[in-house]
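All values below were derived from every heavy atom in this structure, side-chain atoms included, with hydrogens, water molecules and symmetry-related copies excluded. Throughout, protein chains are lettered first and strands after them, A, B, ... in sequence-line order, and every chain is numbered starting at 1.
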2 protein chains.
Amino acid sequence: MARRRQSVTIKHVAADAGVSLQTVSRVINNEANVRPEMKTRVQASIDRLGYVPSIAARRMSGSKSYIILALNDRERTIEAWKAREGSDWVDQMLMGGMLKCAEHGYRLIFELVDTHDDNVQRELKAAIAALQPDGVVLTPPHADNPLITDLLVQHRIPFAAIGAETQAGPIHITMGDDRMAALAVRHLVAKGHERIGFIAGSREYALSGWRKQGYLAAMADAGLPTEHLCERGDFSYASGEVAARKLLSGKGRPTAIIASNDQMALATNAVAHEMGMRVPGDLSLVSFDNTPVVRFVQPPLTAIDQPVADTASCAVELLVQAIRGEELPPMPVVIEGSLIERESVAAPRRG
Amino acid sequence: MARRRQSVTIKHVAADAGVSLQTVSRVINNEANVRPEMKTRVQASIDRLGYVPSIAARRMSGSKSYIILALNDRERTIEAWKAREGSDWVDQMLMGGMLKCAEHGYRLIFELVDTHDDNVQRELKAAIAALQPDGVVLTPPHADNPLITDLLVQHRIPFAAIGAETQAGPIHITMGDDRMAALAVRHLVAKGHERIGFIAGSREYALSGWRKQGYLAAMADAGLPTEHLCERGDFSYASGEVAARKLLSGKGRPTAIIASNDQMALATNAVAHEMGMRVPGDLSLVSFDNTPVVRFVQPPLTAIDQPVADTASCAVELLVQAIRGEELPPMPVVIEGSLIERESVAAPRRG
DNA sequence: CTGAAAGCGCTAACAG
DNA sequence: CTGTTAGCGCTTTCAG
């Protein structure tokens, strides 16, 4: 294969502008110690020739690769992709992260590794060796895997942990899950609900605990009971069915349920219908995540939106700051979601 | 910032195995002219040290970057992402392409450029200069933009055009849109429908024409009329409403409609309900694309699945073959979808 | 079949 | 403030 050469290199620009390579380098890296006049001249040459630096060459010589790695769990991601259940986590993650990367001249590379596999470290090491990323975005449950975070710390690669239990690296972002759960509770309480059930998510995710705590705290604040009103699922539809059936078949059943994700909310909705209950007439329902599918079911579900794109965008922004050695804000940074009202919540029936 | 160095380089492997750099290079590139014994010894060192070559260094010296670019239209992609209408094109594209890339040691980088902007060429040139991709996946409507294809040809970068009208480069993939439309027609004819309406998509996409042609041909084959039964939308929900209203408000209205994408099908479904018609009792409906949302509406829609992931995967596979200089199959390669039966099709009412 | 030398495009370190 | 020099890790080219 023919050797593929850069068509316009820093040399061409230097020759065109009549300066040294180094001066051009300083201009493209926006370094100090270049006279404005010089800078203008060089920039003019860059624009005229349409010069864009090669990221491979920059990586080779300098310390930057201009690559940020977005690490996701292989098994879960592939499963979700194949199931086509309408979750757009990958989409939101990718678009949010990619667009922010582009603003700073970075590229985002999406990578899958097995969290549970003994080979995590080997897989991650290989990705690091191949790509030499300047930063890594870690999504749950990776964000809490010490095999991953330790390796990153050791390689001195800054990482942004999204939804992690504890702060293992420089950047720690959450989506305010506890406050969002409390918001859902208050929304239902304001409608007059007193018996509010909750379906928790998988223990493997820190956010499951936060959502549950937020629920418990808000219920306590409102002076409402939670006994026999809290079940745990694993985020799957099937687990949602089981939990919903338990909650709805006992005595003193709830007039409203908050489900920790959309699939479990969908399942709850189906179970309610199956049991002859109307949503929202007999049962109000608030979902978590607000993936596109909740808008298309009957009734469209009131949901807590999980701001995935904003979070990914923020992760990249902070990563770039960290790479540049700039000071970071206090952690954790909280990107709060919001409650989207639709048609699955109403006042409870009296009696 | 500290200069970040590769922890294990080809030099370490060479020293460990007691051979020259070149021999190691030959082994990792699977070249001929290495004694099996040598190869084994080198491979052992590679495994022991956990060596993985740096793609930046490989790009610098050799001709390969091990990067494949997936090019999508900026405006449309961002619009679809923000609308959160439940389309999972990006997801399917990314996962299909990325997993196939990984199999061959490549990485997929997702990039957005403005098809309509005068700066397409500048944007694309910049991406090429920065990344030096070994291949590019082009999605509609990029695949038919000569500003893009010419530039790629000129740079001798092989590209896979998905859903392009004509073959501008080495790889040309379609999803058999005409045959899929015919399949939808035959499905409806088999149920007893004779007046079958069709809502075409935006002229900007070659596949809109193919789908329409497939419909017209299949209708002709069945000896059925198409006059006043064919409207054109632009793939948007709003355009679907307009088209559906036209089709359903005339005399001799259709007993079934095929919509060229899911949003227009959803719109048709809504219009039918609004007009007091039942789906599928009074109107059967077949949708195109089969994005997740069609499973969650009432009734769940029978749809032609568009095999986006398989297509992206195939594009990458063929690209890798092209990069290696291997022979390619005859073009276009057709990745056919299938008809997914759900609940929006029934026999027409008699009368 | 294997090795040595040269250099890809850029930046770090140092010298002026 | 600007230029020079020396590589980064790998593949290509050319010798053996």
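Between the side chain of A/Arg74 and the backbone N or O of A/Leu112, at least one donor-acceptor pair lies under 3.5 Å.
Here D/dG9 presents its P atom at 12 Å from CE of B/Met60, a figure rounded to the nearest Å. Look at CD on B/Glu37: it is 12 Å from C1' on C/dC1, rounded to the nearest Å. When rounded to the nearest whole Å, the span between CD of A/Gln132 and P of C/dC10 equals 19 Å. The distance between atom NZ of A/Lys11 and atom P of D/dT4, rounded to the nearest whole Å, is 13 Å.
Residues A/Leu94 and B/Val90 share a closest heavy-atom pair of CD2-CG1, 3.7 Å. Counting all heavy atoms, side chain and backbone alike, A/Asp114 lies closest to A/Val120 at O-CG1, 3.5 Å. Annotation for B/Gly96 and A/Trp81: closest pair N-CZ2, 4.2 Å, computed over non-hydrogen atoms. The two atoms that bring A/Ile10 and A/Leu21 nearest to each other are CD1-O, 3.7 Å, heavy atoms only.
At the phosphate of D/dC10, neither OP1 nor OP2 sits under 4.0 Å from any side-chain N or O atom of B/Arg58. Look at A/Tyr66 and you won't find any side-chain N or O under 4.0 angstrom from OP1 or OP2 of C/dC10.
Note that the CD1 atom of A/Ile55 and the CD atom of B/Gln132 stand 10.5 Å from one another [nearest 0.5 Å]. Once rounded to the nearest 0.5 Å, the distance linking CZ of A/Arg48 with CG of A/Asp16 reads 4.5 Å.
Between the side chains of A/Gln43 and A/Asp47, at least one donor N or O sits under 3.5 Å from an acceptor N or O. Of the N and O atoms on the side chains of B/Asp88 and B/Gln92, at least one donor lies less than 3.5 Å from an acceptor on the other residue. Of the N and O atoms on the side chains of A/Thr77 and A/Asn72, not one donor lies less than 3.5 Å from an acceptor on the other residue. B/His142 and B/Thr139 form no side-chain donor-acceptor contact under 3.5 Å, judged by distance and modelled atom types alone.
Within residues 39-50 of chain A, no residue is approached by DNA chain C to less than 4.0 Å at the level of any non-hydrogen atom.
End-to-end axis angle of the helix from C/dC1-D/dG16 to C/dG16-D/dC1, from C1' rotation axes over five pairs per end: 30° (rounded to 10 degrees).
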Can you give me the N/O atom pairs linking the protein to nucleotides 2-4 of chain C at distances under 3.5 Å, or say none if there are none?
from  : atom 1 : to      : atom 2 : distance (Å)
C/dT2 : OP1    : B/Arg35 : NE     : 2.8
C/dT2 : OP1    : B/Arg35 : NH2    : 3.1
C/dT2 : OP2    : B/Arg35 : N      : 2.8
C/dT2 : O4     : B/Arg26 : NH2    : 3.4
C/dG3 : OP2    : B/Ser20 : N      : 3.2
C/dG3 : OP2    : B/Ser20 : OG     : 2.9
C/dG3 : OP2    : B/Thr23 : OG1    : 2.5
C/dG3 : N7     : B/Arg26 : NH1    : 3.4
C/dG3 : O6     : B/Arg26 : NH2    : 2.7

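In this structure, B/Ile28 reaches the sugar-phosphate backbone alone: every heavy-atom distance under 4.0 Å involves primed, P, OP1 or OP2 atoms, never a base.
Residue A/Ser61 places its side chain closer to C/dG9 than to any other of C/dG9, D/dT11, D/dC10.
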